[in-house]
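Here the structure is laid out as structure tokens; the discussion comes afterwards.
All residue numbers refer to positions in the sequence shown, counting from 1. For ligands, and for the atoms within them, numbers begin at 1 and follow the listed sequence. Side chains included, hydrogens not; waters and symmetry mates left out as well; all remaining heavy atoms used. Keep in mind it's a predicted model, so treat the numbers as computed, not measured.
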Amino acid sequence: MPAQIIDGTRIAQEIRKEVGEQAEELKRTKGITPGLAFILVGENPASQTYVRMKGKACQELGFYSVTETMPGEISEEALLEKIKEFNREPKIHGILVQLPLPKLIREQKVIEAIDPSKDVDGFHPYNVGRLVTGHETLKPCTPAGIQELLLRSGNDPSGKHIVVVGRSNIVGKPVANILLQKKAGANAVVTVAHTGAGDISRFTKTADIVIAAMGKPGFLTGEMLKSGAVVIDVGTNRVNDPSAKNGYRIVGDVDFASASKVAKAITPVPGGVGPMTIAMLLKNTLEAAKNLAS
Ligand code: GUN
């Protein structure tokens with residue numbers, strides 16, 4: 001049987017509609033419009049695209065948003081000062097500093113400067129700590145989106161063995177922590193495999209659900225999967241393609257052709273995890289606005 005294609009675009013649209021309705025209600029009952037500030041440092045083309053798309057999504061839902069663009073040579077001090085300004089600004093409920101940052105700026109210092117109640121990325125150690133200890137918090141957007149994709153496509157992770165490949169602070173570690181929670185919609189047995197593991201397939205072959213987040217185009221093939229596994233592809237790799245309009249195309253970390261022959265369900269790239277990140281950012285911003293209002 002062909003694999004179920006998990007339609008992230010449709011599921012993200014469903015969430016955006018729900019968030020839009022709740023934002024309307026917040027406006028009507030409390031007079032509050034969710035507000036999000038983006039900080040974009042330097043000229044990384046992928047980061048520029050992501051911030052543009054996120055800003056557009058805010059506009060569509062009637063959120064207030066501002067984008068602060070800063071040159072790549074900006075000092076760390078100037079960036080920290082800008083964050084402090086947004087921390088104080090009552091119209092702003094969420095602050096997103098697009099990563100990666102230029103090498104001379106210490107990323108962790110920047111993340112820690114954001115008021116944890118406005119940390120819609122869920123990267124601040126306060127929010128990371130709350131997540132790890134099983135408390136309500138703002139959760140990182142891509143990992144939270146993966147959980148929603150699983151649940152809304154009928155692939156509840158509860159009791160399943162999940163192998164996450166990749167241990168980044170943005171995806172691997174937080175998705176493992178979210179799915180490990182002793183809660184409905186999570187409650188999975190989680191293994192985190194990574195570059196230190198040697199042959200990754202000895203882990204992925206045992207998985208009911210594989211989350212590929214290692215940033216290596218087409219790395220995970222059908223041979224590395226158990227028959228009937230659910231495959232979530234987090235990869236967004238730009239590879240050169242002279243036949244494409246802009247000279248490149250986006251491919252995932254999964255070799256879709258071989259994996260989709262073995263998997264029960266699989267996310268495509270594009271149109272899988274990607275749209276979920278933006279939907280969850282809107283959800284987190286609404287959440288932050290509600291929290292700050294109460
Ligand atoms: N760069 C890649 N993914 C993300 C993300 O989720 N948030 C931020 N701030 N930067 C990113």
Are Gln22 and Lys290 linked by a side-chain donor-acceptor pair shorter than 3.5 Å? yes
Need the ligand 1 atom indices (1-based, order shown) with element for anything under 4.0 Å from a heavy-atom of Leu96. 9 (N)
Does a donor on one side chain sit under 3.5 Å from an acceptor on the other, for Thr133 and His135? yes
Part of Phe123 with heavy atoms under 4.0 Å of ligand 1, whether side chain, backbone, both or neither: side chain
Distance-only N or O hit between ligand 1 and Leu99, under 3.5 Å: yes
For the residue pair Leu79 and Ile105, establish whether any side-chain heavy-atom pair is separated by less than 4.5 Å. yes
Contact (N/O only, under 3.5 Å) between Gln98 and ligand 1: yes
Closer than 4.0 Å to some heavy atom of Val97 - which atoms of ligand 1 meet that? 8 (C), 9 (N)
Which of these, Ile278, Ile111, Asp121, Leu281, has its nearest heavy atom closest to atom 6 (O) of ligand 1? Asp121
Cation-pi, Phe86 ring and Lys82 (6.0 angstrom, 45 degrees): yes
Quick check against the 3.5 Å criterion: does Ser201 have a side-chain atom that pairs as donor or acceptor with the backbone of Thr204? no
